[in-house]
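Below: one structure, written as structure tokens.
Fair warning: this is a prediction, and the values are worked out from it, not measured in the lab. Basis for what follows: all heavy atoms, side chains included, without hydrogens, waters or symmetry-related copies.
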Amino acid sequence: MNRIRVARLLRPLRNLTLAPASRLLSRCSNGDLQDDPPFSRIPKPSSKPSNPLPLHSDLPFDFRYSYSESDPSLRPIGFREPPRFSPFGPGRLDRGWNGVSAPVTREVGEMERAMEEERRKAVLGDPLTEEEVAELVEKYRHSDCFRQINIGKDGVTHNMLVDVHDHWKRSEAVRIQCLGVPTLDMDNVCFHLEDKTGGKIIYRNVNIILLYRGRNYDPKQRPIIPVMLWKPYAPIYPRLVKNVVDGLTFEETKELRDKGLNSPALMKLTRNGVYVNVVDRVREAFKTSDVLRIDCTHVGRNDCKKIGVKLRDLVPCVPLLFKGEQIVIWRGGRNKPGFQQNS
């Protein structure tokens, strides 16, 4: 009985034809077994044309990590990493890295700038009507908009330009929300967004911006913007606060610092808040007081210094002290009206 059962089980296998051993050996020698579909990935043909390395960009400005939060005229006194390490990667860009930026390899003349301006006007096309602007604003201004980019303490960064063009590929406008230090100077943020992307701001409310791409924008003709692979270390700049303020003695500087620390805080700033009215409030307070204190508890040490630099340039004023997340600023100038120095 066992033999009969074995014969019945082997009966379906009689119809199978096995490949000769020579054929299997020939396939193994040619490496075909390694290319079988179940055991190897078949690369899909890419529809996007690959740009040869190193990349070449015709954009007429220097590539920096942050455009709105850096001053090109201020040169560092040192670097925290060797300038030869480019954040764009080795051999990926035809521009050199000097530790702060990747400058343009050729000089841009007046004629080329005029041509670039004409090209941007051609992309923007005719100005939008009031009905078209209202329709775009109603579509993209809400907080639940999917086409949104957040700007933090680093401001308008280089890779943000890539994100803007990626959004413009599928939508006419992009919603941009600004928080933190850049909100002290929203005009600077708007300028760099329009200047670096070529778009047009059609709506601005406090810290919300809508950036329009233009009527004749073609995603296939977008400029080549190489991606920055990592955030470079910040260079070393001269000290923001001097031991003795210019025009004052050491005793007068110390007296102003003590006066600022003991005075009530003008305002209290929160981390990643909206600071659009800080500059106006400081200017108004300087009409009656020569030294002010701003409470920046939980804001962060680096953000406190960035806020001090912004206030120094926008108010303008003289930073006296950064201590315990407190900013003490002086109106500056003995010849200003209302200046009083207690003996």
Side-chain angles (χ1 to χ4, degrees), residues 64-78 100 151-156 178-192 234-250 252-261 263 265-297 299-339 341:
R64 311 173 69 90
Y65 173 73
S66 177
Y67 296 104
S68 62
E69 305 306 306
S70 60
D71 187 3
S73 62
L74 185 61
R75 300 302 304 171
I77 60 176
V100 179
I151 294 181
K153 61 182 179 180
D154 293 331
V156 181
C178 305
L179 296 174
V181 181
T183 57
L184 284 168
D185 191 3
M186 288 298 298
D187 294 336
N188 184 41
V189 173
C190 295
F191 167 76
H192 285 286
I236 302 174
Y237 290 98
R239 292 189 59 179
L240 177 61
V241 178
K242 298 181 180 180
N243 293 331
V244 180
V245 179
D246 296 338
L248 299 178
T249 62
F250 178 78
E252 292 174 341
T253 303
K254 184 178 179 180
E255 184 179 352
L256 287 175
R257 289 171 178 167
D258 294 339
K259 179 181 178 181
L261 285 176
S263 63
L266 174 65
M267 66 187 75
K268 183 176 181 179
L269 303 182
T270 58
R271 186 176 182 86
N272 293 330
V274 181
Y275 312 143
V276 292
N277 61 342
V278 172
V279 176
D280 294 335
R281 291 186 60 183
V282 170
R283 289 174 179 171
E284 188 68 24
F286 270 147
K287 295 180 180 179
T288 57
S289 178
D290 58 340
V291 181
L292 300 176
R293 179 173 68 92
I294 301 176
D295 188 359
C296 298
T297 307
V299 172
R301 181 180 177 183
N302 293 334
D303 287 2
C304 283
K305 292 184 178 180
K306 292 180 180 180
I307 292 173
V309 172
K310 290 278 188 179
L311 293 178
R312 180 196 64 184
D313 299 334
L314 296 175
V315 174
C317 60
V318 180
L320 291 177
L321 185 65
F322 295 92
K323 183 179 181 181
E325 295 185 337
Q326 305 293 317
I327 301 177
V328 178
I329 53 179
W330 176 46
R331 179 174 53 188
R334 293 177 179 269
N335 55 353
K336 289 189 177 182
F339 175 77
Q341 180 64 41

Side-chain (S66) to main-chain (G155) donor-acceptor, under 3.5 angstrom: no
Mind running side chain to side chain contact (heavy atoms under 4.5 Å, CB included) on I294 and L311 for me, showing each step along the way? CA-CA 11 Å; I294 301 176; L311 293 178; 3.6 Å; yes
Distance-only donor-acceptor pairs under 3.5 Å for side chains of residues 236-243, two or more places apart:
unit_1: K242; atom_1: NZ; unit_2: D246; atom_2: OD1; d: 3.4
unit_1: K242; atom_1: NZ; unit_2: D246; atom_2: OD2; d: 2.8

Note: K306 and V181 closest approach over all heavy atoms is CB-CG1, 3.8 Å
Would you mind reporting whether V189 and D185 have side-chain heavy atoms less than 4.5 Å apart? no
Worked verdict on K259 versus D290 for side chain to side chain contact (heavy atoms under 4.5 Å, CB included): CA-CA 10 Å; K259 179 181 178 181; D290 58 340; 3.1 Å; yes
Kindly give the heavy-atom pair with the smallest separation between N188 and S68, and that separation in Å. ND2-O, 2.8 Å
Is the side chain of S289 donor-acceptor paired with the backbone N or O of F286 at a distance under 3.5 Å, no angle test? no
Mind checking whether L292 and M267 have side chains closer than 4.5 Å, heavy atoms only? no
Quick one: closest heavy-atom pair of P76 and P235, and the distance? CB-CB, 3.5 Å
Measure the CZ-NZ distance between R331 and K287 for me, rounded to the nearest 0.5 Å. 11.5 Å
Atom pair CG (D154) and OG (S70), whose distance is rounded to the nearest 0.5 Å: 10.5 Å
Work out which heavy atom in T183 is nearest to a heavy atom in C178; give both atom names and the distance. CG2-O, 3.4 Å
Say you draw a straight line from CG of L248 to CD of E255; how long is it, rounded to the nearest 0.5 Å? 10.0 Å
Residues E69, K310: salt bridge by 4.0 Å N-O rule: yes
Nearest heavy atoms of G260 and V291, plus distance in Å: CA-CG1, 3.5 Å
Return the CZ to SG distance between R271 and C296, rounded to the nearest 0.5 Å. 11.5 Å
Note, D295 side chain near Q326 side chain (heavy atom, < 4.5 Å): yes
Where is the tightest heavy-atom contact between V276 and M186, given as atom of each residue plus distance? CG1-CG, 3.9 Å
Straight-line distance of F322 CZ to I329 CD1, nearest 0.5 Å: 9.0 Å
Between CG of L314 and CG of D280, what distance do you get to the nearest 0.5 Å? 10.0 Å
State, with a plain yes or no, whether a side-chain heavy atom of V244 is found less than 4.5 Å away from one of T249. no
Under 3.5 Å, side chain of R281 to main-chain N/O of L266, donor-acceptor pair present? yes
Measure the shortest side-chain to side-chain distance between L269 and I327 over non-hydrogen atoms and say whether it is less than 4.5 angstrom. no
W330 vs T253 side-chain heavy atoms within contact, under 4.5 Å: no
Taking C-beta and beyond as the side chain, do V278 and I307 meet within less than 4.5 Å on heavy atoms? no
Could you give me the CA-CA distance, side-chain angles and deciding distance for D303 and E325, then say whether side chain to side chain contact (heavy atoms under 4.5 Å, CB included) is met? CA-CA 9 Å; D303 287 2; E325 295 185 337; over 6 Å; no
